[in-house]
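Just so it is clear, the values below take in all heavy atoms, side chains as well, and ignore hydrogens, waters and symmetry mates. Here is the naming used below: chain letters follow the sequence lines, and residue numbers restart at 1 for every chain.
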Amino acid sequence: MRRLKKRFQFLNAARGERISGRFFVLQRVRVEQEDFGVGFTVTKRMGNSAERNRIKRRLRAAVMACKGCFADRHDYVLIGKREVLNAPFAELVQRLGSTLQRMERRPPPADRPASPNS
RNA sequence: CCAGUUGACCGGGUGGCCGCUCCCGUUCAGGGAUUUUCCCUGAAGGGGGGAGGAAAGUCCGGGCUCCACGGAAACACGGUGCCGGAUAACGUCCGGCGGGGGCGACCCCAGGGAAAGUGCCACAGAAAGCAGACUACCUCCUGCGGCUUUUUUGAAGCGGCAGGGGGAAAAGGUGAAAGGGUGCGGUAAGAGCGCACCGCGGUGCUGGCAACAGGACCGGCAUGGUAAACCCCACCGGGAGCAAGACCAAAUAGGGAUGACGCGGGGGCAACCCCGGCCUUGUUUUCGGGCCAGUCAUCCGGGUUGGUUGCACGAGGCGUCAGAGCAAUCUGCGUCCCAGAUGAAUGGUCACCACGCAGCGGGAGACCGCUGCCCUACAGAACCCGGCUUACAGGUCAACUGGCCUG
């Protein structure tokens with residue numbers, strides 16, 4: 001599993017598939033890589049820096065919990081929301097798993113050329 | 001025991017599972033090199049370190065870095081403002097002084113100058129800065145009534161109303177503030193008009209490094225407040241900031257530096273002389289310094305992206321340490337190495353415990369048991385220090401003050 005760190009990687013993922021939920025918005029795009037990558041976005045409107053940090057950490061722990069549901073050769077971006085702070089962790093993991101499965105069952109979109117990310 | 005003041009401190013704990021970053025060994029793999037030693041990269045496993053009292057706001061002061069190198073004067077702008085000390089420095093801290101508040105412990109103060117000048121002082125009030133007079137006071141004159149005494153005309157006295165002249169600034173009322181305050185004398189009524197005390201001003205004395213305090217003599221009172229209004233005085237201050245700056249690698253448009261020839265305009269055969277323009281980090285002037293057109297040669301920089309460095313041994317932490325000092329603090333000794341991320345690590349989750357809150361039950365009560373909730377407030381290092389300010393659930397300790405009870 002790779003961690004997304006560059007700005008163009010996030011801009012690239014924003015052009016792909018997208019499912020929004022109560023805790024987060026999930027974006028995915030196909031890339032020319034062997035494994036899959038995950039990045040997190042929490043905007044300043046979600047709280048001060050301590051709360052933004054906690055949102056990212058809980059989302060990261062949830063990603064580790066359902067590591068097997070991610071598809072290789074794709075980049076994922078999770079845009080966190082404030083509700084992540086007070087939600088029970090089990091519910092957070094269950095939501096992430098079901099959202100990933102929904103995205104997997106969807107018909108693949110028209111093949112938009114995605115630029116490589118390295 | 002209750003209420004309070006000041007100072008210091010803590011700001012969840014234990015265990016299981018999963019995970020991140022940095023450092024140090026071990027093993028393995030790949031590469032470089034000259035065989036080992038050695039260097040670089042990656043992986044596995046082991047050990048160790050890993051957010052705060054405010055890390056925050058970015059409000060002051062510094063270190064550090066760059067701005068092609070300066071000196072002097074004037075002006076502007078910004079800041080500070082009782083005195084002494086501490087400090088690298090400060091608008092910070094400590095100790096005093098003065099003023100104000102509190103029964104007290106103690107707390108608060110943007111605390112230089114208002115007889116250098118300008119401005120402002122709403123509402124109310126007669127009047128708000130320069131003296132003036134609304135009601136009321138005293139006195140005199142004129143007019144009109146009244147009453148008393150006396151023997152009538154008349155005269156004398158008392159008091160009233162209206163108008164006018166003069167005195168006075170004490171009383172009432174307004175206001176944040178009304179041209180010293182209180183008391184006694186004095187007066188037609190009054191007034192620093194006189195006196196005592198207090199205040200104010202001046203002179204010199206004593207104590208103190210000083211701010212200032214104390215008392216003496218003189219003056220008879222003149223000078224309202226406001227300088228977080230302009231201003232005056234004294235002192236301080238160059239600008240930008242780690243996205244500073246340095247290096248490396250890519251890819252790209254053509255700016256600069258050095259050297260040689262040579263070099264703005266005018267005069268002169270020439271040496272040289274006269275007149276210029278631009279830069280010199282707030283502005284202006286001056287002194288000094290540098291530069292001015294073109295050609296050739298050599299070399300470098302700037303912007304963008306990524307990486308390395310700056311980047312953690314420092315005005316460093318700790319010590320029932322010692323010494324100096326009332327204290328802030330300083331000196332000495334010992335000891336320790338204690339975060340270095342960069343889409344940004346230092347955690348996530350589960351269980352239990354402690355703490356807190358709510359409910360129920362038991363108990364005379366302190367309290368005990370059960371269940372549920374938050375499983376904790378404010379808040380996340382970003383080059384580093386010293387402060388200030390602001391936010392903060394809950395809790396601990398010490399000293400002191402006032403009250404109540406007991407001995």
Side-chain angles (χ1 to χ4, degrees):
Chain A
M1 186 179 97
R2 286 170 295 109
R3 186 74 190 275
L4 305 187
K5 289 188 173 184
K6 297 302 170 191
R7 177 173 166 78
F8 69 88
Q9 293 174 324
F10 285 84
L11 294 178
N12 191 35
R15 289 184 314 200
E17 306 168 66
R18 175 189 179 90
I19 291 181
S20 42
R22 197 154 68 85
F23 295 133
F24 49 81
V25 174
L26 181 66
Q27 295 173 334
R28 184 177 80 162
V29 74
R30 186 176 172 83
V31 292
E32 302 297 319
Q33 292 280 320
E34 287 297 315
D35 53 355
F36 65 93
V38 180
F40 304 93
T41 295
V42 180
T43 64
K44 281 195 175 173
R45 293 184 54 193
M46 296 304 135
N48 58 32
S49 58
E51 290 171 331
R52 292 201 302 273
N53 258 337
R54 207 173 315 126
I55 291 174
K56 280 190 195 176
R57 283 166 180 161
R58 297 197 80 191
L59 284 178
R60 199 172 62 204
V63 164
M64 291 306 293
C66 31
K67 203 189 302 184
C69 300
F70 288 88
D72 282 342
R73 301 175 188 277
H74 285 84
D75 276 356
Y76 294 83
V77 168
L78 282 162
I79 303 171
K81 295 188 179 177
R82 250 193 106 74
E83 285 71 19
V84 174
L85 288 177
N86 294 317
F89 188 69
E91 187 183 348
L92 194 60
V93 171
Q94 187 255 326
R95 285 273 186 154
L96 178 61
S98 64
T99 308
L100 284 168
Q101 286 171 13
R102 259 172 66 203
M103 186 167 269
E104 208 53 47
R105 285 197 303 269
R106 261 185 176 179
D111 212 8
R112 272 184 285 187
S115 55
N117 62 351
S118 61

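- Annotated as anti: B:G79, whose O4'-C1'-N torsion sits more than 90° from 0.
- For the pair A:Leu96 CG and B:G348 P, the interatomic distance rounds to 18 Å; values are reported in whole Å.
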Donor-acceptor contacts under 3.5 Å from residues 79-91 of chain A side chains, at least two apart:
| unit_1 | atom_1 | unit_2 | atom_2 | d |
| --- | --- | --- | --- | --- |
| A:Lys81 | NZ | A:Gly21 | O | 3.1 |
| A:Arg82 | NH1 | A:Met46 | O | 2.6 |
| A:Arg82 | NH1 | A:Glu51 | OE1 | 3.4 |
| A:Glu91 | OE2 | A:Arg22 | NH2 | 2.9 |

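- Nucleotide B:C20 is matched to B:G50 when pairs are restricted to Watson-Crick or G-U wobble geometry with both distances under 3.5 angstrom.
- Both distances falling under 3.5 Å, in either a Watson-Crick or a G-U wobble arrangement, place B:A297 opposite B:U258.
- Between A:Leu78 and A:Leu26 there is a side-chain heavy-atom pair separated by less than 4.5 Å.
- When the C1' atom of B:C18 is taken as reference, atom NZ of A:Lys67 falls 9 Å away, rounded to whole Å.
- Across all strands shown, B:G45 forms no Watson-Crick or G-U wobble pair with both distances under 3.5 Å.
- Pair assignment for B:G4: B:C400, on the basis of Watson-Crick or G-U wobble contacts that are both within less than 3.5 Å.
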Mark up nucleotides 341-347 of chain B, 5' to 3', with B wherever a protein heavy atom is under 4.0 angstrom from a base atom, S wherever such an atom reaches only the sugar-phosphate, and - elsewhere.
-SBSSSS
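- The glycosidic torsion of B:G13 lies more than 90° away from 0, which places this base in the anti conformation.
- Salt bridge status for A:Glu17 with A:Arg102: absent, with no side-chain N to carboxylate O gap under 4.0 Å.
- Partner assigned to B:G238 is B:C67, using Watson-Crick or G-U wobble distances below 3.5 angstrom.
- Taking atom CZ of A:Arg52 as the reference point, atom P of B:A56 lies 14 Å away to the nearest angstrom.
- Using atom P as the reference point in both B:G13 and B:G52, the two lie 12 Å apart (nearest Å).
- The glycosidic torsion of B:G47 lies more than 90° away from 0, which places this base in the anti conformation.
- Taking 90° from 0 as the syn/anti boundary, the base of B:G145 is oriented syn.
- With a 4.5 Å cut-off on side-chain heavy atoms, A:Tyr76 and A:Val63 do not count as touching.
- B:C103 makes up no base pair with any nucleotide shown, lacking Watson-Crick or G-U wobble contacts both under 3.5 Å.
- B:A196 and B:U182 make up a base pair, with Watson-Crick or G-U wobble contacts both under 3.5 Å.
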Can you tabulate the close N/O pairs, meaning under 3.5 Å, that link protein atoms to atoms of nucleotides 349-351 of chain B?
| unit_1 | atom_1 | unit_2 | atom_2 | d |
| --- | --- | --- | --- | --- |
| B:U349 | OP1 | A:Arg58 | NE | 2.7 |
| B:U349 | OP1 | A:Arg58 | NH2 | 2.7 |

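- Applying the 90° criterion around 0 to the glycosidic angle, B:A358 comes out anti.
- In this structure, B:U376 makes no Watson-Crick or G-U wobble pair, since no nucleotide meets both defining distances under 3.5 angstrom.
- Using a 4.5 Å cut-off between side-chain heavy atoms of Ile, Leu, Val, Met, Phe, Trp and Tyr, with links allowed through other members, A:Leu4 and A:Leu11 fall into different hydrophobic clusters.
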